[in-house]
2 protein chains.
Amino acid sequence: MPKRVDHAERREQLAEALLRIVADRGLEAVSLRHVGAEAGVTSGMVQHYFRSKDELMAFALEVVSERVQARAAAAMTGADSARAEVRALVISLLPLDEPRRLEGRVALAFVSYSTIRPELAAALQQNTTGMREHFAEQIRQVWTEETRLGMTPLQAATGLLALVEGLGMHLLGEHYAPEEAVSVLDAHLELLFGQSMRRSG
Amino acid sequence: MPKRVDHAERREQLAEALLRIVADRGLEAVSLRHVGAEAGVTSGMVQHYFRSKDELMAFALEVVSERVQARAAAAMTGADSARAEVRALVISLLPLDEPRRLEGRVALAFVSYSTIRPELAAALQQNTTGMREHFAEQIRQVWTEETRLGMTPLQAATGLLALVEGLGMHLLGEHYAPEEAVSVLDAHLELLFGQSMRRSG
DNA sequence: GGTGTTACGTTACGACTGCAACGTAAAAGT
DNA sequence: ACTTTTACGTTGCAGTCGTAACGTAACACC
């Protein structure tokens, strides 16, 4: 079989195996042998594709980052209003079902990990920044001088993203029910996008 | 020296050593020997006070939880309004200086950890729930039928806590400047507590 | 159709891990 | 004063870790 393999594809397969381990046993369970076993190969094979464990970890983190971005891009197509698009994107970020809970655990683990290994934080930061700017753009499109809430669109976007990720963390810890998080999110969106906020003034 | 030691005190010293390790080398660097070395003792001594590593970890997590709660209690005394109290509490939660960044890293690591070890999640969940209810109570005290924003006080409280923890995560990842996070937070507090929100209606 | 390269698997090594067992010295209890 | 308990330190063990080295079989190429 030599020579015929797609290098990039193999690396992604291994990264996926790693992510599966992180999702249900945590970062500390990641070892070359475990990743190999999870992928159905030996640790030597893992070594063949990654010079070190650090390189493997860094690659897996990038895969996570790309996956989040891809999910975001997919979620925001076909919405008929800025509000609907933002809501779709933000809902797609929340760990509301089991597969997304797994992904959320992985993401959280890597966020914590990159806190100690700052050289890996770039990918995650890019993600946050991109999302923040995207939200800001959407908000800018619908806000007028009258409807703005005493903050800039970028501030509103930053707050929205922080709110969503905070809700996500709480959901991963099962601190309250998913529908409660969604209701909080919808109330916030109503503040940002709804006209009814001035109904009582 | 035997018999004269305060068991609880020793355990806390060891837990603090562990937390120091987590803060600057991450959860994966925690081992009985490292904890002992950090505390200036041997791993055998650590074994004497904790039957297993898991027990040590669980104890350290509880210490973290108690510390957060203590900080919260300290931060909310002496405020002259509900809004000021909430702001003081919430600001004290953000990793705005280096010591609190260390604590934040530890807290984040344990949140991620407890995601995989659900039996340890109770302490953290209690923390969240307590905070949430406290915020809700404060908000309830100042909200009238007119000023409420289309959500319940508990929803507003949940959103505020999620926002703060999300901002905290982003700050740990250095995704933007601390003062930016504070400005977002203040804008949100103005929405929740300010009367000026109806100035344009 | 050799030849060289690629893709693995296998093995080995030194370091590290959690944990159990044992040793010892100091104080408390009697 | 003698015994028991407590508080450690030390040692050892079986297992796992990351990594380097080596072996080998299958294809690409000329």
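Throughout, protein chains are lettered first and strands after them, A, B, ... in sequence-line order, and every chain is numbered starting at 1. Please read these numbers as outputs of a predicted model, since none were measured by experiment.
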#### Entry: B:Q155/A:E180 under side-chain contact (heavy atoms from CB on, under 4.5 Å): CA gap, chis, key distance, verdict
CA-CA 8 Å; B:Q155 286 176 326; A:E180 210 160 343; 5.8 Å; no

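Put simply, CG on B:D6 is 11 Å from P on D:dC8, counting in whole angstrom units. In this structure, CD1 of A:I21 is placed 14 Å from P of D:dT16, rounded to the nearest angstrom. Here C:dC8 presents its C1' atom at 7 Å from CE of A:M45, a figure rounded to the nearest Å. Distance CG (B:L14) to P (D:dG9): 10 Å, rounded to an integer number of Å.
Put simply, the side chain of A:H34 reaches to within 4.5 Å of the side chain of A:R25, judged on heavy atoms.
Closest approach of B:E190 to B:R83, counting heavy atoms only: OE1-NH2, 2.9 Å.
Under the 4.0 Å criterion applied to side-chain N and carboxylate O atoms, A:R11 and A:E16 are not assigned as salt-bridge partners.
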Within the sub-3.5 Å range, which N or O atoms of nucleotides 17-20 of chain C have a protein N or O partner, and how far apart are they?
from	atom 1	to	atom 2	distance (Å)
C:dT17	OP1	B:S31	OG	3.1
C:dG18	OP1	B:K53	NZ	3.2
C:dG18	OP2	B:L32	N	2.9
C:dG18	N7	B:R33	NH2	2.6
C:dG18	O6	B:R33	NH2	2.8
C:dC19	OP2	B:K53	N	2.8
C:dA20	N7	B:Q47	OE1	3.0
C:dA20	N6	B:Q47	NE2	3.4

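Comparing atom distances between the B:H7 side chain and each of C:dC8, D:dA7, D:dG9 picks out D:dA7 as nearest.
Paired with B:L19 under the rule side chain to side chain contact (heavy atoms under 4.5 Å, CB included), one option of B:V30, B:V63, B:L102, B:L61 passes, and it is B:V63.
Between A:H48 and C:dA7 there is a side-chain N or O to OP1 or OP2 distance below 4.0 Å.
In this structure A:H175 satisfies the ring-ring contact (aromatic ring centres under 6.0 Å, His included) test together with A:H170, sequence neighbours excluded.
Nucleic acid contact for B:F50: none, since no nucleic acid atom lies under 4.0 Å from a heavy atom of the residue.
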